Amino acid sequence: MLRLLCVTAHPDDEAGAFGGTLLLYHERGVETSVVCLTAGTAARNRGTARSDAELAGLRRAEFAASCKLLNVDRSEVLDFPDSKLDRTNFYEAVEALTRRLRKIRPHVVLTFGMDGGLTGHVDHAMAGTFASVAFEWAGRPDRFPEQIEQGLEPYRAQKLYYGTADFLLQDRQPIAPPTVSARIEIGNDRFEKKVAAFQQHTTQAPLFERVRTNLGRRLGTVEMYHLVATRDPREAKFEIDLFEGVREE
Ligand SMILES: [Zn+2]
């Protein structure tokens with residue numbers, strides 16, 4: 001079975017940034033996983049939560065509901081600090097993601113680029129940084145050998161992609177997005193389902209209109225990616241399928 005892992009920073013990223021792609025590949029028989037680094041407790045929109053612990057509980061439940069609508073097979077929220085991923089211990093974050101890569105053994109990995117994705121969020125950039133290093137290190141027996149002593153095997157995923165776009169959002173910090181090297185057509189039904197998944201994040205309801213506008217008017221039914229690295233060396237070429245050239249093994 002082919003497997004896809006998506007590494008995000010906050011509950012709701014899985015829907016807003018990657019939702020259509022997760023739906024599409026699940027339909028094609030790919031096992032899909034999402035690992036989210038934080039519980040999103042730095043959010044301005046806090047629903048009914050009176051404390052960070054309450055907000056973490058609400059957002060974990062919303063994440064689970066969103067992943068269910070997106071037919072995600074495995075989903076997990078880790079405990080790294082929201083809005084502070086740039087001050088998080090690099091080695092610990094990469095260790096956690098390397099462990100997931102060695103356990104889940106995905107063929108394709110999706111995450112954010114150094115720009116922080118469309119919104120330019122610093123946590124997105126850091127999630128992408130940690131995931132990119134983990135993508136490289138998971139296959140090296142000299143990295144985190146204690147995981148291997150515990151029974152995990154080194155694992156080399158075949159492709160790493162960053163989510164990207166061919167436009168910028170207004171009123172944001174300046175970013176330089178990774179080039180678009182793949183366009184995934186998700187279609188109207190999956191677009192609506194992705195919006196519905198985002199709306200499972202009810203603590204973030206004040207964002208719904210803006211997100212729908214940004215997703216709908218600018219992205220429409222396309223999700224764009226940049227192919228960053230491949231296990232088997234190759235020249236760049238434009239793609240419409242993230243599993244193109246991937247071998248089941
Ligand atoms: Zn986010």
Side-chain angles (χ1 to χ4, degrees), residues 5-22 32-47 49 52 55-67 69-70 72 75-88 93 96-97 100 109-132 134 161-165 167-175 177-178 194-216 218-219 223-226:
L5 169 64
C6 179
V7 177
T8 65
H10 313 112
D12 76 20
D13 296 338
E14 77 291 344
F18 305 101
T21 303
L22 288 167
T32 54
S33 301
V34 178
V35 173
C36 176
L37 286 168
T38 84
T41 52
R44 231 165 297 153
N45 303 303
R46 305 179 67 85
D52 279 2
L55 183 58
L58 291 174
R59 297 207 71 184
R60 283 171 186 278
E62 292 168 357
F63 174 79
S66 166
C67 284
L69 261 196
L70 296 172
V72 172
S75 59
E76 186 180 11
V77 178
L78 306 184
D79 266 321
F80 290 98
D82 187 13
S83 270
K84 290 187 184 139
L85 288 184
D86 54 339
R87 280 156 281 173
T88 291
L97 293 178
R100 268 70 189 181
V109 178
L110 312 181
T111 188
F112 293 106
M114 303 301 110
D115 60 334
L118 258 185
T119 60
H121 199 302
V122 169
D123 279 348
H124 297 172
M126 295 314 300
T129 302
F130 301 143
S132 301
Y161 287 96
Y162 294 157
T164 190
F167 60 90
L168 301 176
L169 294 180
Q170 298 301 309
D171 307 321
R172 295 275 180 176
Q173 294 295 320
I175 61 164
K194 156 185 173 168
V195 172
F198 194 92
Q199 291 176 349
Q200 298 303 302
H201 296 277
T202 50
T203 56
Q204 306 308 303
L207 302 179
F208 286 175
E209 263 322 296
R210 200 170 73 188
V211 167
R212 198 192 161 95
T213 304
N214 286 340
L215 294 178
R218 307 301 301 274
L219 275 169
E223 290 178 356
M224 292 174 237
Y225 292 92
H226 173 76

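Quantities reported herein were computed from a predicted structural model and do not represent experimental measurements. Remember, it's 1-based here, ligands and their atoms both numbered in the order they're listed.
Taking the side-chain hydrogen bond (donor to acceptor under 3.5 Å, both in side chains) definition, one finds that Glu62 meets it with Thr202, Thr203, sequence neighbours left out.
The closest side-chain heavy-atom distance from Met126 to Thr88 is not below 4.5 Å. Between Gln199 and Val211 the shortest side-chain heavy-atom distance does not fall below 4.5 Å.
Residues Arg60 and Asp79 are paired through a salt bridge, judged by an N-O separation under 4.0 Å between the basic side chain and the carboxylate.
Note: Tyr225 and Tyr161 have perpendicular aromatic rings, judged against thresholds of 30 and 60 degrees for the angle between ring planes.
With hydrogens and angles ignored, the 3.5 Å screen pairs no side-chain donor or acceptor of Thr164 with any backbone N or O of Pro177.
For the Zn ion (ligand 1), the count of nearby protein N/O/S atoms, taking only those under 2.8 Å, is 3.
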